[in-house]
Student: 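There's a structure below that I have some questions on.
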There are 2 protein chains.
Amino acid sequence: MARPRQFDEARVIESLMNVFWEKGYEATSMRDLVAASGLLKGSLYGAFGDKHTMYVAALKHYDRTRIQAGIDILNGEGSARQKIARLFDNVIESTKRGLFAGGCLLCNASLEMAATDPEVKAEVKTTIRRLKVAIMEALSPRIANEDQAAALAAFIVSAYFGSRVLAKGGAPAAMIGDTRDHCLQLVP
Amino acid sequence: MARPRQFDEARVIESLMNVFWEKGYEATSMRDLVAASGLLKGSLYGAFGDKHTMYVAALKHYDRTRIQAGIDILNGEGSARQKIARLFDNVIESTKRGLFAGGCLLCNASLEMAATDPEVKAEVKTTIRRLKVAIMEALSPRIANEDQAAALAAFIVSAYFGSRVLAKGGAPAAMIGDTRDHCLQLVP
DNA sequence: TGAATTATTGACCAAATGGTCATAAACTAG
DNA sequence: CTAGTTTATGACCATTTGGTCAATAATTCA
């Protein structure tokens, strides 16, 4: 019994996420968010709270979409080796294309925000765990010992995040390929 | 034949580096730099150019001191396994102490700046290479094949950077320990 | 001593920042 | 149609931002 929203909230949050993803939190201004969303400042503040709330919402959206897409791969068809290879291939491919400079929003948030922002840290922490668990489960048909699977999963997450740092730092794609290959070598 | 500097340039650049290290580039304001250095704004601008120049100088200083300290370990005494273990132990230890929140300035710079800042990217790139080469050389007594050593070194750098992302993201220290252990497992 | 040169100081600046709010518009239940 | 409720609009705000500059203070060379 009131005026309805004139915008698609999901679309707006996608556009907000893309800005934070590409530029980071501090380098993103409200002007950027206004421009990307197509809304006016007042509406943006009305729908979400403030810039920080928007960032956390964007992070959650990233988890629900992009991270989930990775987890879907890990839960899907194929050998453990094949699935894990695909994670790294995504990094290599997007590095080679070189169009989108954002890298991985989860990694970006971890390094830029988590140390000083408890809310972001909590979000990053649970997403990391989600990713690790999915890798563990992909590994489980091959590794009976659960602790062993957990340790290897932790390790693969590390290598994956590291490849994200390398990719943005301009390291040659071969280094990421080497990282992937050594990871796969440890997957039975 | 003119008025001499009244401050120790090396000390000032150390303090500038510490601010950027802890807060990142965008979140650091000139006020912060003024406060940390003890100089006044005019002097800071007079001695170094602008904020960006200060950041690059800080990054170079980080390379010359902190990264070099890591490389010194890799060039020093002990088995390859021991030396590489020590790199990771530094991460684990500083995570456990939890006092300084900066993590690794090289990683921070790579994710925050390298994608959009060519100067930072170049600096990050060469520092990554330096680190990789040092690891290769630490490995060389044990791995005859040079390509093989290079690939393993690339991989270790990746895992190391990844552990830095995990550490800031609040992942349990055990994950970093697992990462280290699996790395060492690959070192002959 | 004095001319020349560089460093220090802090007031100053335009622009950008994140955020607010009164008003107008759009809708629904009665 | 109307009362009530939510949304949209954009002008507005204090504060902070990175950066400049004219005046003053040290210093050295001649």
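So you know, we letter chains A, B, ... as the sequences are listed, proteins then strands, and number each from 1.
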Student: Which whole-number value in Å describes the distance from Glu26(B) CD to dT17(D) P?
Tutor: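 In whole Å, dT17(D) P lies 12 Å from Glu26(B) CD.
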
Student: Indicate every side-chain donor-acceptor pair of residues 181-188 of chain B with a distance under 3.5 Å to a residue at least two apart or in another chain.
Tutor:
residue   : atom : partner   : partner atom : Å
His182(B) : ND1  : Asp178(B) : O            : 3.2

Student: Rounded to the nearest Å, what distance is computed from the NZ atom of residue Lys41(A) to the P atom of nucleotide dA16(C)?
Tutor: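 Roughly 12 Å, once rounded to whole Å.
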
Student: Under 4.5 Å between side-chain heavy atoms, counting indirect links through other Ile/Leu/Val/Met/Phe/Trp/Tyr residues: same cluster for Ile84(A) and Val133(A) or not?
Tutor: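 They do not share one cluster, since no chain of ILVMFWY contacts under 4.5 Å joins Ile84(A) to Val133(A).
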
Student: Roughly, in whole Å, what's the span from CE in Met54(B) to P in dG18(D)?
Tutor: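 Distance check: Met54(B) CE to dG18(D) P gives 10 Å.
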
Student: For the OG atom of Ser29(A) and the NZ atom of Lys23(A), what is their distance to the nearest 0.5 Å?
Tutor: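 Going from OG on Ser29(A) over to NZ on Lys23(A), the span is 6.0 Å.
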
Student: Arg5(A) has a side chain; which of dG18(C), dT7(D), dT20(D) sits nearest to it?
Tutor: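 Out of dG18(C), dT7(D), dT20(D), the nucleotide with an atom closest to Arg5(A)'s side chain is dT7(D).
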
Student: Over how many whole Å does the gap from Arg31(B) atom CZ to dT16(D) atom P extend?
Tutor: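 Computing the Arg31(B):CZ to dT16(D):P distance gives 6 Å.
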
Student: If you measure from CZ on Arg164(A) to CD1 on Ile176(A), what distance do you get to the nearest 0.5 Å?
Tutor: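 Going from the CZ atom of Arg164(A) to the CD1 atom of Ile176(A) covers 8.5 Å.
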
Student: When you measure from the side chain of Phe7(B), which nucleotide among dG18(D), dC27(C), dT8(C) comes out closest?
Tutor: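 Among the listed nucleotides, the one closest to the side chain of Phe7(B) is dT8(C).
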
Student: Can you measure His52(A) atom NE2 to dT17(C) atom C1' for me and round it to whole angstrom units?
Tutor: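 To the nearest whole Å, that distance equals 17 Å.
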
Student: Please determine which of Asp63(B), Asn18(B), Leu59(B) meets the side-chain contact (heavy atoms from CB on, under 4.5 Å) test together with Leu105(B).
Tutor: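 Exactly one pass, corresponding to Leu59(B).
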
Student: Taking atom C1' of dA26(D) as reference, at what distance in whole Å does atom CD of Gln6(B) sit?
Tutor: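 Interatomic distance, CD of Gln6(B) to C1' of dA26(D): 8 Å.
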
Student: With nearest nucleotide decided by heavy atoms, which residue, Leu40(A) or Gly46(A), maps closer to the 5′ end of DNA chain D?
Tutor: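 Taking each residue's closest nucleotide, the earlier one in sequence belongs to Gly46(A).
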
Student: Taking 4.0 Å as the cut-off, does a side-chain nitrogen or oxygen of Ser29(A) come that near to OP1 or OP2 on dA16(C)?
Tutor: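 Ser29(A) to dA16(C) OP1/OP2: no side-chain N or O under 4.0 Å.
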
Student: What's the closest nucleotide to the Tyr45(A) side chain, out of dT20(C), dT8(C), dT6(D)?
Tutor: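 Closest of the options to the side chain of Tyr45(A): dT20(C).
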
Student: Base, sugar-phosphate, or nothing: which does Gly42(B) touch, judged by heavy atoms less than 4.0 Å apart?
Tutor: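 If one applies the 4.0 Å heavy-atom cut-off, Gly42(B) turns out to touch a base.
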
Student: Given atom CE of Met30(A) and atom P of dT20(C), what is their separation to the nearest angstrom?
Tutor: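 Checked: the CE to P distance equals 10 Å.
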
Student: Round to a whole Å and report the spacing from CZ of Arg3(B) to P of dT28(D).
Tutor: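 Atom-to-atom, Arg3(B) to dT28(D), this comes out as 12 Å.
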
